[in-house]
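Have a look at the structure below before the remarks.
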Amino acid sequence: MALKKVKGNFERMFDKNLTDLVRGIRNNKDNEAKYIAQCIEEIKLELRQDNINVKCNAVSKLTYIQMLGYDISWAGFNIIEVMSSPKFTCKRVGYLAASQCFHPDSELLMLTTNMVRKDLNSQSQYDAGVALSGLSCFISADLSRDLANDIMTLMSSTKPYLRMKAVLMMYKVFLRYPEALKPAFPKLKEKLEDPDPGVQSAAVNVICELARKNPKNYLSLAPIFFKLMTTSTNNWMLIKIIKLFSSFTMIEPAIVKYLGLLAMSKILKTHPKSVQAHKDLILACLDDKDESIRLRALDLLYGMVSKKNLMEIVKRLLGHMERAEGSTYRDELLFKVIEICSQGSYQYVTNFEWYLTVLVELIQLEANSKHGSVIATQLLDVAIRVQAVREFAVTEMASLLNTFPANAAHWDASSGTMNEVLYAAGWIVGEFSGFLVDPEDTLKSLLKPRQLPDHIQAVYIHNALKLLTRMLTKALEEGNTREIVRLCNLFEDKVTPFVSSGNIEVQERSSSALIMIQMLRDELKAVDGETERDLLDDIPGPENGNVSMGTPIAAEQLIRDFATLFAGDLNPVAPKAQKKVPLPEGLDLHKWINTPPELSSPSSEGEEEMGDLFVASAELQGRAERKKYVEPTGEELEKMREARKMEQNNNPHYLKGSVRDSLPMKMRNDGCDDIPIAEIALDVPLTVHSTKRSDKYLMEEQKSDKKAKKKTKSGKKSHKSKHKISYSTSESDSEAEPKQLHVVNTLIEMPEGASLSEAEENDKAMDPNDPHRALDIDLEVPSAKEEDETQKKRETKKVSKTSNLLVSHDDKTSANATKKAKKEKKSRKKSHKNDESHDLLGFTRESSQGDNEQNSEKTKRKKEGKKKKSDKEKSTENSKKKLELKLGYEEAAGISTPSKEFA
């Protein structure tokens, strides 16, 4: 056996490989068929050998011969044998030969099912990849049915190489076995969002090919394809997606609408005027059934807003909010209205009374919105920064405190945050309480017992104290001591229940307010030295004509001190103002203020020390003696009972009995059922038009626009000219620009000695090890080199201007010189005529020479004048061309330019 193997290996040294075959065919061009027939006989002998490498070499040569047009179907079994080789080099040759030799109708394919399945489930990705590549060329219906599950499992492989090939292979499976499309579609959809771009591209290719027959099945994948179109950089895949969208347009025109809105959003950045012309069309898209189209139209409206059309656009959006369904879309509309109005520090808002009215209408329209904190921030910002509308804002917030639904305040953050507007309303009426018409009514609404979030209740109590201070100061100025005592009693009765609140912030604010009022009451009680009797009985009333008597100086000083606590306006604070506060000298923030206690003491001693840390031992002993139960009086019990009933009525979670059951039977049977019902015939249908308060501002603006247009038309008729160029769109926009009624205050608070223009050196120095510090570069700000270059260009321009001025000055001097020369010539001619009578021959010679010189000077001057005229004409023509090009560009780009007249 050993000798036989050695003999076989020795004979193999003289076998022809593929390169020898190719070289032999090229050398035998005259007898190519004869040489190939001889080679085929040699290949047949090689296929009978037991060595798999010899068979692999023979199959590789047969593959090349098949490419030349010769039939090798007789070697099908040998090809399958090479395909089943465990060696990858032999397996690759076998699958290559099978992909060229076999076809879906080949009878030998039934022998390859288990072998291909074994290769697909191989641990080596290259074996599975070769099997997938070869199978795609000769797969049949039976192989598709038997191997579909194996190929689908490869779609979930951890190797992107196999996932990509499996996705592409599924298309061939779908063609041969369409029943596999439904179970494989979910996995194919997942591959569109695969992290590997090759797998994504393969999935897009397969779906694009499948959509040729029935694109309706894949219409639900349009959002995913759009995301790929906007994020991918693969041009080939983008072309495929665009072709897919073109097939979608045949069955769903909404795709075209979406793509049109997308194109407008890109054009809006460079040519906003051209997009604003389609405002009505974009607003009509808000009524579309597709939510993606509605959201895209909302994004376009943000960039289309101007001072002229802001009120109209917001009116349309509010109308859409009333008709819209779905809380998410309504929230998006609400947020978009606020975003549109507040962009650029309210640069498009001309009337802030209108904007505050819109904010109140948004609160009433969407009481279950999640953007309550956004509306609250806008209310606070407008009230602080726009001083002219503070009175209007206080009036609106005072009415909001009374009209806000009680049940809305009980909702938690998961269902909505609209109760945050109460925070802003309470703060505004307290901070600017001087504008209130009925401050006592607002004080009662702030201290009304109802269930509110803790942070809102704390703000209510604090601003109620501001409001009380304002009322006390007014009563003090009038000298009405009885009013001061009455307000103190009222405030104490309303705030006392909040001392027992479960929130520590509410407890602290209510306790602090009560202590301040108690201090004032103590000073008022000191008038007659009595403490138990009612003060109102001791203080003379206005009916006696002695109102100003009885107010002690200490009480007046207390009220003035209370007023100083809330004096002054609060301005917005700069974002980085805290970082710019300088540290005082000698302050070390890392040093202990109080040294911590030592931990070496025993536990019992530590407990005793901690017990006496905040409270003295004598106080601990006497605390139990002080706590005694006080029996409430009948009036106190009645007040507590009424407060409990009020809380139960305002609590939506408390089950209440029906009022009708408590009424007597006589009152129930009121005879309403016996009244006959008759239909009223109306010639004109009864229609009720719902108008909002914010619409009146739009109507007023439209009236003023009409008046302004009439004035401009009358002015235009009187000032018409022949050479006038009119720009209808830009001119109308600029003329109809509404006036700014209110001014926004941009003042923000900064520490002393700091300004906004300072470089943020302190922030950078705080973290010197930050590797990204060098990337903190503003690309719009020019560098030092660019600034030097610009300065050099400016200097060169200045030099050129001065040279032009000098040239023009030389031209003027030369013109003056020519005038003087002409005068001298005339005088010379006269003198020459007088001299000719004396010496004609001599003068004629000199005059002829002088005439020649004068003629040559004239020709030179004429040439120079012609050149100057031609240069001037050329410069004027160039300037006209530039102006025409500029005007044409401005018309194409939609840039508004004023009308110009050319004489």
Side-chain angles (χ1 to χ4, degrees), residues 397-412 419 421-423 425-427 429-430 433 436 438-469 471-472 483-521 532 534-536 627-659 661-663:
M397 294 302 102
S399 62
L400 181 64
L401 290 174
N402 295 324
T403 59
F404 191 81
N407 295 336
H410 302 165
W411 295 336
D412 54 357
N419 51 18
V421 298
L422 297 176
Y423 183 99
W427 190 90
V429 297
S433 56
L436 283 171
D438 191 357
E440 186 173 348
D441 183 51
T442 307
L443 179 66
K444 292 178 181 179
S445 62
L446 284 174
L447 299 177
K448 186 185 297 182
R450 55 179 173 178
Q451 289 185 352
L452 289 171
D454 296 330
H455 66 286
I456 296 177
Q457 190 66 67
V459 169
Y460 272 20
I461 295 172
H462 184 69
N463 287 276
L465 184 61
K466 294 182 186 177
L467 185 54
L468 177 67
T469 305
M471 296 166 67
L472 290 174
E483 181 69 14
I484 294 174
V485 175
R486 189 185 68 83
L487 290 174
C488 291
N489 293 335
L490 175 65
F491 187 81
E492 187 175 4
D493 292 340
K494 295 290 184 181
V495 176
T496 302
F498 296 109
V499 178
S500 59
S501 174
N503 184 260
I504 190 169
E505 183 73 16
V506 178
Q507 285 183 18
E508 183 179 357
R509 289 183 183 270
S510 56
S511 300
S512 302
L514 285 176
I515 289 172
M516 293 172 66
I517 298 304
Q518 189 62 37
M519 292 170 60
L520 181 59
R521 285 174 62 87
E532 298 296 332
D534 191 5
L535 291 176
L536 294 177
K627 290 186 177 179
K628 292 181 180 180
Y629 178 74
V630 180
E631 185 71 23
T633 62
E635 294 179 358
E636 292 177 353
L637 287 174
E638 187 66 26
K639 287 182 180 180
M640 293 169 63
R641 196 176 293 114
E642 289 178 0
R644 188 179 70 253
K645 288 181 180 180
M646 184 69 70
E647 182 180 356
Q648 290 174 358
N649 291 330
N650 294 329
N651 190 356
H653 305 291
Y654 184 79
L655 297 178
K656 310 175 187 66
S658 61
V659 181
D661 294 339
S662 61
L663 296 175

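Every value quoted in this text rests on a predicted model; they were computed, and no experiment measured them.
- Note that the CZ atom of R450 and the OG atom of S445 stand 7.5 Å from one another [nearest 0.5 Å].
- Here the CD1 atom belonging to I515 is positioned 9.5 Å from the OG atom belonging to S510, to the nearest 0.5 angstrom.
- Residues K466 and H462 form a side-chain contact, since some pair of their non-hydrogen atoms from C-beta on lies under 4.5 Å apart.
- Going from atom CD1 of I461 over to atom NZ of K494 covers 13.5 Å, rounded to the nearest 0.5 Å.
- Inter-residue side-chain proximity for L452 and N419 is flagged as unmet; no heavy-atom pair is nearer than 4.5 Å.
- Nearest heavy atoms, E492 versus Q518: OE2-OE1, 3.9 Å.
- Residues F498 and K448 share a closest heavy-atom pair of CZ-O, 4.4 Å.
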Item to complete: Start with the C-alpha gap between I517 and V495, add the side-chain angles, then the distance that decides, and say whether side chain to side chain contact (heavy atoms under 4.5 Å, CB included) holds.
Response: CA-CA 11 Å; I517 298 304; V495 176; over 6 Å; no
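- At a threshold of 4.5 Å between non-hydrogen side-chain atoms, the residues D493 and K639 count as touching.
- L401 is listed as a side-chain neighbour of T442, based on a closest heavy-atom distance under 4.5 Å.
- Residues that satisfy the side-chain contact (heavy atoms from CB on, under 4.5 Å) test with N503, not counting sequence neighbours, are D454, S501, E505, V506.
- Among all heavy-atom pairs drawn from L446 and G426, the shortest one is CD2-CA, 4.1 Å.
- The minimum heavy-atom distance linking A398 with V429 is given by the pair N-CG1, 3.8 Å.
- No more than 12 heavy-atom neighbours from other residues, nucleotides or ligands sit within 6.0 angstrom of OH on Y423.
- Interatomic distance, CE of M471 versus CZ of F491, reported as 10.5 Å (0.5 Å rounding).
- The distance from the CG atom of N463 to the CZ atom of R509 is 8.5 Å, given to the nearest 0.5 Å.
- Side chains of R486 and N489 form no contact here, defined as non-hydrogen atoms less than 4.5 Å apart.
- Interatomic distance, CG of L490 versus CD of E483, reported as 9.5 Å (0.5 Å rounding).
- Judged by distance alone, the side chain of S500 and the main-chain N or O of P497 form a donor-acceptor pair under 3.5 Å.
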Report task. Please lay out, stage by stage, how E642 and K645 fare under the test salt bridge (charged side-chain N to carboxylate O under 4.0 Å, His left out). Result -> CA-CA 5 Å; E642 289 178 0; K645 288 181 180 180; over 6 Å; no
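- In terms of heavy atoms, L467 sits closest to P439 at CD2-O, 3.4 Å.
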